[in-house]
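Quick note: numbers below take in every heavy atom, side chains included, and nothing from hydrogens, waters or symmetry partners. Positions are given from 1, in the same order as the sequence printed here.
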Amino acid sequence: MQAWRVHRNGEPGEVMRREEVDRPTPGDGQLLLKVRAANVNFPDALLCRGHYQVRPPLPFTPGVEVCGETEDGRRVIATPSLPHGGLAEYVVADRAAVLPAPDALDDAEAAALHIGYQTGWFGLHRRAALREGETLLVHAAAGGVGSAAVQLGKAAGARVVGVVGGAEKAAAARELGCDAVIDRHGDDIVAAVKEFTGGRGADVVYDPVGGDAYAKSAKCVAFEGRIVVVGFASGDIPAPALNHALVKNYTIMGLHWGLYNQKDPEAIRRCHDLLTEYAAKGLIKPLIGDRVAFEDAAVAVQRVADGTTTGRLVVLPPATEGAAR
């Protein structure tokens with residue numbers, strides 16, 4: 001089969017190589033899946049760089065999220081078992097973590113559902129307890145992770161303010177349903193949030209960016225607000241001033257969604273059932289920025305690493321390039 005592999009750590013566009021390899025062999029409790037679509041996530045770039053919390057042995061295939069097909073023809077979504085990642089024609093995945101793909105979503109959309117929307121739901125509901133009528137501030141609102149949080153925030157009845165970088169991403173954020181959009185390239189984030197909220201600030205902040213985005217969030221979070229730290233796409237891990245959290249009465253909370261696979265896997269299944277219902281009702285639909293040919297997978301991972309994408313980039317394996325389902 002064909003697969004993209006990394007033999008040394010570095011930038012994705014430099015270290016990913018397309019090769020002919022043997023199909024992976026499933027172990028006990030695993031399934032072999034034919035890949036129908038593979039969603040590109042920021043962790044794929046971190047894996048290539050050797051900066052992710054999981055460091056598979058070299059060589060490995062990136063790709064942490066797929067829509068696949070079982071040997072008996074069922075369409076499913078899964079997180080492949082590294083080192084055999086999703087940027088390949090076949091993967092193996094733990095049977096217990098394989099979930100049915102929602103009928104309402106095509107292959108590319110289903111491939112982009114699991115990690116981003118699960119992270120959004122656990123961050124907004126399990127961690128921050130977002131309530132109807134509250135104001136939710138989402139950084140990188142037109143990106144893969146942010147766009148999921150925008151849709152989930154709207155589904156919860158929140159007023160959503162999206163922060164983006166550039167006019168194209170601002171237009172995408174408005175189409176996603178943001179009640180207000182802030183372009184960080186020219187707008188004052190803190191002033192805009194306070195104006196939108198009548199001086200109160202954002203009740204919940206969803207931050208997959210870190211760095212300056214976090215610093216601005218601390219200045220415009222509301223009394224008893226909650227800042228959910230999801231990741232550090234900016235590459236800058238902030239060092240919060242805890243005295244500021246104390247005097248302003250806000251909460252800083254982290255979210256490592258992958259821990260729920262170990263600590264509470266049943267919660268992940270319940271969340272998937274809910275997300276499937278949301279998809280059937282049209283409340284959520286992954287924003288697919290581009291369906292990418294398999295031969296361009298390395299370029300796609302590099303684009304995600306560089307932060308130049310809108311929505312999700314989904315790679316289609318050779319047999320399904322151009323197919324919608």
Side-chain angles (χ1 to χ4, degrees), residues 37 39-42 65 67 77 99 101-165 168-183 193 196 202-209 213 226-228 230-231 233 255 257 267-268 270-291 304 309-314:
N39 179 44
V40 179
N41 286 270
F42 190 65
E65 182 175 30
C67 174
I77 61 175
L99 299 166
D103 291 336
L105 304 179
D106 68 23
D107 289 343
E109 293 162 347
L113 175 74
H114 190 53
I115 295 175
Y117 284 85
Q118 286 261 346
T119 300
W121 191 90
F122 276 86
L124 297 180
H125 292 285
R126 178 116 172 196
R127 300 295 286 136
L130 178 68
R131 297 184 289 271
E132 183 177 1
E134 288 192 314
T135 297
L136 168 65
L137 175 64
V138 179
H139 289 283
V145 173
S147 61
V150 168
Q151 292 180 357
L152 289 168
K154 293 300 296 181
R159 300 194 306 162
V160 180
V161 179
V163 179
V164 300
E168 180 183 350
K169 293 186 178 184
R174 293 188 186 95
E175 290 180 10
L176 286 166
C178 284
D179 297 281
V181 176
I182 301 169
D183 187 344
V193 170
F196 180 77
D203 298 291
V204 175
V205 178
Y206 191 79
D207 180 16
V209 178
R226 292 86 77 198
I227 300 176
V228 185
V230 183
L255 174 66
W257 170 75
I268 289 178
R270 292 195 300 269
C271 180
H272 179 69
D273 291 342
L274 181 63
L275 294 176
T276 299
E277 291 180 19
Y278 280 7
K281 295 176 180 179
L283 295 174
I284 60 172
K285 186 181 181 68
L287 174 63
I288 307 300
D290 198 4
R291 289 168 166 81
V304 171
T309 58
T310 298
R312 292 292 192 179
L313 300 187
V314 179

- Query: Thinking salt bridges, do Glu109 and Lys285 make one under a 4.0 Å N-O criterion?
  - Reply: yes
- Mind checking whether Trp257 and Val230 have side chains closer than 4.5 Å, heavy atoms only? no
- Taking the side chain as C-beta and beyond, is there a heavy-atom pair between Val205 and Val228 under 4.5 Å? no
- Message: Counting C-beta onward and ignoring hydrogens, is there a side-chain heavy-atom pair between Asp203 and Leu136 closer than 4.5 Å?
- Response: no
- Do Arg291 and Asp106 pass the side-chain contact (heavy atoms from CB on, under 4.5 Å) test, and can you show the C-alpha distance, the side-chain angles, and the key distance before you say yes or no? CA-CA 12 Å; Arg291 289 168 166 81; Asp106 68 23; 2.6 Å; yes
- Task: Indicate yes or no: at least one non-hydrogen side-chain atom of Leu287 is less than 4.5 angstrom from one of Arg312.
- Result: no
- So, do Ile284 and Leu275 sit near enough that their side-chain heavy atoms are less than 4.5 Å apart? yes
- Go through the side-chain N and O atoms of Gln151 and Tyr278 and say whether any donor and acceptor fall under 3.5 Å apart. no
- Message: I'd like to know if Glu134 and Arg226 make a salt bridge, using a cut-off of under 4.0 Å between side-chain N and carboxylate O.
- Response: yes
- Any donor-acceptor pair under 3.5 Å from Asp290 side chain to Leu313 backbone: no
- Message: Aromatic contact between His272 and Trp121, with the criterion being ring centroids under 6.0 Å apart: yes or no?
- Response: no
- Task: Report yes if the side chains of Ser147 and Val150 come closer than 4.5 Å at any heavy-atom pair, otherwise no.
- Result: no
- Query: Checking side-chain contact (heavy atoms from CB on, under 4.5 Å) for the pair Arg127/Tyr206: CA distance, chi angles, key distance, verdict?
  - Reply: CA-CA 11 Å; Arg127 300 295 286 136; Tyr206 191 79; over 6 Å; no
- Query: How many angstroms lie between OG1 in Thr276 and CG in Leu99, if you round to the nearest 0.5 Å?
  - Reply: 8.0 Å
